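Structure record follows, encoded as structure tokens.
Model, not experiment: these values are computed from the prediction. Numbered from 1 within each chain, the chains take letters A, B, ... in sequence-line order.
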Amino acid sequence: MNIRGTDVMLLGHAACGALAGMAALWIFVEALNARAENMRRMRVAAFVAAISMAVTWILGGYWYVHSYPTDRKLILGGPWPFAHNVFMESKEHLVFVTGLLAFYLVIAMREKIYANAAARKMVLSVAMLIVLTSVMAEGAGAIIDHGAKIALLRGNPGGAK
Amino acid sequence: MTASQNPPLGRTNAAFAIATAVAAIFNTVLAWAKDLSPKLTQTMAHLTGHHWITHCLADCIVFFGVGLVLRNTAAAEKMDSNRLVSIVIWSVILGGLGLFAWFIFF
């Protein structure tokens, strides 16, 4: 078995992004029935989402800066150049918004959302935006990964060098 | 319930709602600017070692900067809460679509 630090970093990046999305989904479901009793649980979930997104940025950023140039070369020389040109270019910027939404969710969760309908609506909206953007990022990640994979499988002399 | 009857968001909550919206749009505009100007990308890369890291820091500075400035004023707090929710939702949707459309068509 040959597992490198960069492999762990890439998979950790995807796992933390999924965890942030799941924590946000948890908050969305709990906020539909917000009560004083479940506020603490929602606040913990908001912290989990924010910390997971920060870790996702750090792991993904390190991998993007240090390891991705090789994949980019492969993808651009392969049959799916749009995996980089559209999906990576969009994803690498969209995840900033997901992270900022997760940071904001911690702030929004400071309100007693069971007693304030507007604050509850804001939490529901922000949590759902985190879920949707993190699912988009995971999907884009899969397309980028597949772009590199088929570049290798279908032969790519230029990129493979 | 009319707009004037909507309960207000707290000052910090309202301030950072606006900051999130501003940062989401700023993020997209900066991505467009980097794509249009290799010189800007190069300058940003010089600042931290990589343009992506500078972009991330710039978004965070805008988010926390706008949020902290607005927290010290009553401007965001006075806004209708339903309007604030709409502003956050639409800024994220438009920012996201702006990124995706840009990299498809340009």
Side-chain angles (χ1 to χ4, degrees), chain A residues 53-54 56-58 60-66 68-69 81-113 115-133 136-137 139-140, chain B residues 1 5-10 12-17 19-28 30-32 34-35 45 48-53 55-60 62-64 67 71 80-86 88-89 91-93 95-106:
Chain A
M53 274 313 301
T56 301
W57 276 3
I58 293 165
Y62 188 89
W63 183 84
Y64 176 73
V65 169
H66 293 96
Y68 183 65
F82 61 85
H84 170 78
N85 291 333
V86 176
F87 288 94
M88 180 50 118
E89 292 282 12
S90 302
K91 178 186 186 274
E92 75 183 52
H93 298 109
L94 184 68
V95 291
F96 291 140
V97 177
T98 313
L100 296 179
L101 285 166
F103 299 156
Y104 170 57
L105 191 56
V106 174
I107 295 166
M109 280 305 306
R110 288 172 62 192
E111 302 237 16
K112 291 174 180 168
I113 65 165
N116 184 335
R120 181 168 160 267
K121 201 171 177 181
M122 182 65 91
V123 165
L124 285 167
S125 307
V126 171
M128 188 44 69
L129 286 170
I130 294 171
V131 172
L132 294 176
T133 54
M136 282 179 204
Chain B
M1 185 182 268
Q5 289 173 304
N6 289 327
L9 294 177
T12 307
N13 192 354
F16 277 91
T20 306
V22 170
I25 298 299
F26 169 81
N27 175 54
T28 299
L30 186 57
W32 292 346
K34 281 196 309 183
D35 209 44
T48 58
H50 200 283
H51 67 86
W52 187 87
I53 299 170
H55 194 137
C56 182
L57 291 175
D59 283 352
C60 288
V62 168
F63 174 71
F64 287 107
R71 198 179 64 161
D80 175 58
S81 49
N82 276 338
R83 197 163 172 217
L84 278 172
V85 173
S86 298
V88 171
I89 293 172
S91 63
V92 172
I93 291 173
L97 286 177
L99 283 172
F100 202 61
W102 179 268
F103 291 113
I104 287 177
F105 298 113
F106 296 98

Against chain A, label [X] side chain, backbone, both or neither, depending on which of its atoms sit under 4.5 Å from a heavy atom there.
{"X": "B:A17", "answer": "both"}
{"X": "B:L84", "answer": "both"}
{"X": "B:F63", "answer": "side chain"}
{"X": "B:D59", "answer": "both"}
{"X": "B:T12", "answer": "both"}

Give the member of [options] that has the highest number of heavy-atom pairs under 4.5 Å with chain A.
{"options": "B:C56, B:A24, B:S91, B:A31", "answer": "B:C56"}
{"options": "B:F100, B:W102, B:W52", "answer": "B:W52"}
{"options": "B:N27, B:I89, B:D35, B:T20", "answer": "B:N27"}

Toward chain B, the part of A:F82 with a non-hydrogen atom under 4.5 Å: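 No part of A:F82 comes within 4.5 Å of chain B.
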
Portion of A:E92 that has a non-hydrogen atom of chain B nearer than 4.5 angstrom: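 Both backbone and side chain.
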
Donor-acceptor contacts under 3.5 Å from residues 95-102 of chain A side chains, at least two apart:
| residue | atom | partner | partner atom | Å |
| --- | --- | --- | --- | --- |
| A:T98 | OG1 | A:L94 | O | 3.4 |
| A:T98 | OG1 | A:T133 | OG1 | 3.0 |

Nearest heavy atoms of B:S81 and B:L9, plus distance in Å: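 For B:S81 versus B:L9, the nearest heavy atoms are CB-CG, 4.1 Å.
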
Residues which pass side chain to side chain donor-acceptor pair (under 3.5 Å) with B:S86, listed by chain and number, not counting sequence neighbours: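 Partners of B:S86 by the side chain to side chain donor-acceptor pair (under 3.5 Å) criterion come out as none, since no residue qualifies.
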
